Structure formats: C-alpha cells, structure tokens
2 protein chains.
Amino acid sequence: MPSVPVTTSRREQILVEAARLFARHGFHGVSIDGIGAAVGVSGPALYRHFPSKEGLLAEMLVGISEHLLAGGQERAAETTDPVELLEALIAFHTDFALHQPELITVQDRDLANLPDAARHRVRGLQRAYVEVWVDALCRAGFAANEEAARVRAHAAFGLMNSTPRSAGHTRPDVAAPLLVAMARAALHARV
Amino acid sequence: MPSVPVTTSRREQILVEAARLFARHGFHGVSIDGIGAAVGVSGPALYRHFPSKEGLLAEMLVGISEHLLAGGQERAAETTDPVELLEALIAFHTDFALHQPELITVQDRDLANLPDAARHRVRGLQRAYVEVWVDALCRAGFAANEEAARVRAHAAFGLMNSTPRSAGHTRPDVAAPLLVAMARAALHARV
DNA sequence: CGCTCACGTTAGTGACCGTTCACGTCCCCT
DNA sequence: AGGGGACGTGAACGGTCACTAACGTGAGCG
C-alpha cells in the first residue's frame, strides 16, 4: 500500500508538470499549450480541470501553504519544549524543501501573479506558518522580541530554501544534515 | 561631493525604476510602457537607451554579478586568514542585500528570462563569486570538501538574501547584526 | 544661419497567448 | 439500447505587448 496513489489523476499530473515548468521559466514564461504538451494533451484541455491559468497557480500555491502550515501546527501540537519544537520544524521544512524544490521556487517567485483573493489567502497561511516559528523562537529565548524572531524565521527559510540553487549538483542525503545543522546554528546564534 | 552623482542620467533612472518594477511584478509582468511611465517618458523612448527589454535586464543582472564578484575578489585579495575573510564577505554581502533588496530579488528570479549569451555570462560571474566563498570555507576547515562548501555558500546566500521577505517591516540597522550573526553561525556550524 | 545628433512622441504591426466555441468520442448507468 | 456526462480536439477571437517607423524639437557648433 504505497503512500502515493498509483493512479495519478489528470489534475495531479497537470499540477506536477505545471510546477516544474513554472519553476524553470516562471508563470508568464509558460503557455497553456506548453503545460498541455507536458502532460500529453494539448492546449485548452486544461480548462476541463481548472477555471483558468491563474486558478491553476492558485491551487498550487494554496496547497503548498496549507501543507506547510498543517505540518507546522502538527509539530507544535505534539511538542511542548520550544527548542525541541524548533528541531522538529527544521527537520520538517528541510525535508519539504529538499524533496519539492520546484514548489519552493514557485511559491516565492510567483506569488505576485496570483489574483487578489488567492494571494491574500496564501499570504494569510504563510503568516500563520511564520507565527508558529516566531512563537517557538520567542519561547526558546532565541529572539529578543517578535520582530527579531520574524527576521530569524525568514532567514532560516531562506537558508533551507536554498536547495533549488545547490541541488541538482548535490544528493539530498548529503545536503540534508548540513542544512539542518546550519539552520539550527543560525537560529540559536547569539547576536 | 556626494558619493552618488547629483545628475542621474536617464539610463540610470531607467535601470533603477525597472529594477523596482521587475522586483515587484516580475520581468514579464512589467511592460515597456510601464517602465517608461515610471521615469516620466512614455513607451518606446527606452529604445534610445537600450537595444531591447531583454537587453535592459541583461545590463542589470550583469551589473549585479560584476559588483558582487568584484567585492568578493577585493576582500579575498586584502585578507589572508580565511576566517577573517569570511567575516568580510558576510559583511559585504549582507550590506548589499540590505541596501539593494530589489536587485537581489530580480537577480535570482529573472535569470531565466535572459537571452542565452547574457545568461551564460551571469552564470559564469556567479560561479566565480561562489568560488571565492568556497575557497575560503575550505581553507577555514568549515567544509569537508568543495561540494559541501558549495551547499554552505548557497545556504548562506539564501539566509542573507532573505531581506526582501522580512524587510519593509524591519529597519536595516536592526536586521544587519542579526543576519551577520546568523550567517556566521551557520557557516561555522559543525555537522 | 543651418547641419547634426540626442532624445522624444504617436501610430502602427505582427506575434503570442489566454480563453471560448462547436464539435467528436468513449464510458457508464438505467 | 440509448442518453448523458467526462474529457479531448482544432479553429477562431480579442487583447496585450515588444518593437519599428515616421516625424518633431531643441541644443551644440562650424
């Protein structure tokens, strides 16, 4: 019983291939026909599955934000000790960044291309995810105040999300412990 | 005698405003007319100063890469001790990222939109800049091999380049020491 | 003065692209 | 059997946009 469904629906195929293309060429650098071709159908067939090109992007980015927030909240619910929680958050986020580099890339490059409603939705989810980190950082005593905690959290994201830049050259199993150690050291660092 | 020229040429105006617009909306999300309007002329006047929209982007990205490489090589020439050199590189890069967040954003988001020749040029310059860091990291004993050093360097860039995400909310003079301390800790971290 | 050249302007033009339309096909369900 | 819905196709449409063309203007200068 595999953790990934054996029969990948057309919808999911489209989402996966679109993510790859968006990551490589940017939202506006990819055409509807291009996405269709990548999944073996052509052109306007996408409109059987998504309301528009922007709607496709919206589903992608909302999905990512929800996944991250859910993972963060799950760890926060399981772990009371803030230092331990940070450790779990680092492991979770690093794992995601290493296994889904395209999603990471699209997430912070093409947010601006979302229609207003979806963009606000994603921003809200992202803010909530950041708050999980900020709360842990404050409770752990690693940040003087929330502003500093936010800077630290974003810096850690930047660090862990660097994988799309150095991956391809590097196997995930060698990069992972390195990134985890670096993120931990950065978050613990006294200024 | 100001360090910034009093009379900003039209060319420079265009480069500055285009950087702001590209950072906010992405290369394909900004029209020639939009750039013109931002500098008070309209539309195709740009072609008096740049051969094409892609040429404008090329000049921008090549300029950034050259600036970073020059700064890195300068520090490397002045400093023999590798740990000290890393300190200088961190200060240099953090300062750039904090004061030019738009350039940082465009640099790693719109590389793919360059024509082939310019893109290879920029990639070469970036590689050379990374090599300055990799060399220092290896000599300092902070990385087991060049592969690990490259991962570390990219992770540090991601950390320092996070400023566009958390800036706007945060004054540079409070973020700077924090980012420097985090980058140092991350680079020194034992795995 | 009159030539030139740097710098603008407005009005096209051709290409691309998101989206819609009219139509076909195959499977499922009563 | 047959009807309907899910899914796909190719053709057309409308808008946007990079880029070009034709033209204007004013400053430097012999």
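Just so it is clear: chains get the letters A, B, ... in the order the sequence lines come, proteins before strands, and each one is counted from 1. These numbers come from a predicted model, not from an experiment.
Taking atom CG of residue B/L46 and atom P of nucleotide D/dC19, one finds them 10 Å apart after rounding to whole Å. One atom, CG of B/L57, and another, P of D/dC19, lie 12 Å apart when rounded to the nearest Å. Going from atom CZ of B/R11 over to atom P of C/dC7 covers 10 Å, rounded to whole Å.
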Tabulate protein N/O versus nucleotide N/O from nucleotides 25-27 of chain C, keeping only pairs under 3.5 Å, one per line.
none

What are the atom names and distances for every N/O pair under 3.5 Å that joins the protein to nucleotides 15-21 of chain C?
unit_1, atom_1, unit_2, atom_2, d
C/dG18, OP1, A/V30, O, 3.4
C/dG18, OP1, A/K53, NZ, 2.7
C/dG18, OP2, A/I32, N, 2.7
C/dT19, OP2, A/Y47, OH, 2.4
C/dT19, OP2, A/K53, N, 2.9
C/dT19, O5', A/Y47, OH, 3.1

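Partners of A/E146 by side-chain contact (heavy atoms from CB on, under 4.5 Å), not counting sequence neighbours, listed by chain and number: A/E131, A/V134, A/C138, A/R150. For A/D135, the salt bridge (Lys or Arg N to Asp or Glu O under 4.0 Å) partners are A/R139, not counting sequence neighbours. The salt bridge (Lys or Arg N to Asp or Glu O under 4.0 Å) search around A/E147 returns none, not counting sequence neighbours.
A donor-acceptor pair is defined here as one N or O able to donate and one able to accept, closer than 3.5 Å; such a pair exists between the side chain of A/R109 and the backbone of A/F22.
For the side-chain hydrogen bond (donor to acceptor under 3.5 Å, both in side chains) condition, the pairs that include at least one residue of residues 88-97 of chain B, sequence neighbours left out, are B/D95-B/H99. The ring-ring contact (aromatic ring centres under 6.0 Å, His included) analysis of residues 171-191 of chain B, with sequence neighbours excluded, yields the pairs B/F142-B/H188. Among residue pairs with one or both ends in residues 29-77 of chain A, those qualifying as ring-ring contact (aromatic ring centres under 6.0 Å, His included) are A/H67-A/F92, A/H67-A/F96; sequence neighbours excluded.
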Between side-chain atoms of residues 57-66 of chain B and protein atoms elsewhere (two or more places apart, or another chain), which donor-acceptor pairs fall under 3.5 Å?
unit_1, atom_1, unit_2, atom_2, d
B/E59, OE1, B/R11, NH2, 2.8
B/E59, OE2, B/R11, NH2, 2.3
B/S65, OG, B/L61, O, 2.8
B/E66, OE2, B/R121, NH2, 2.8

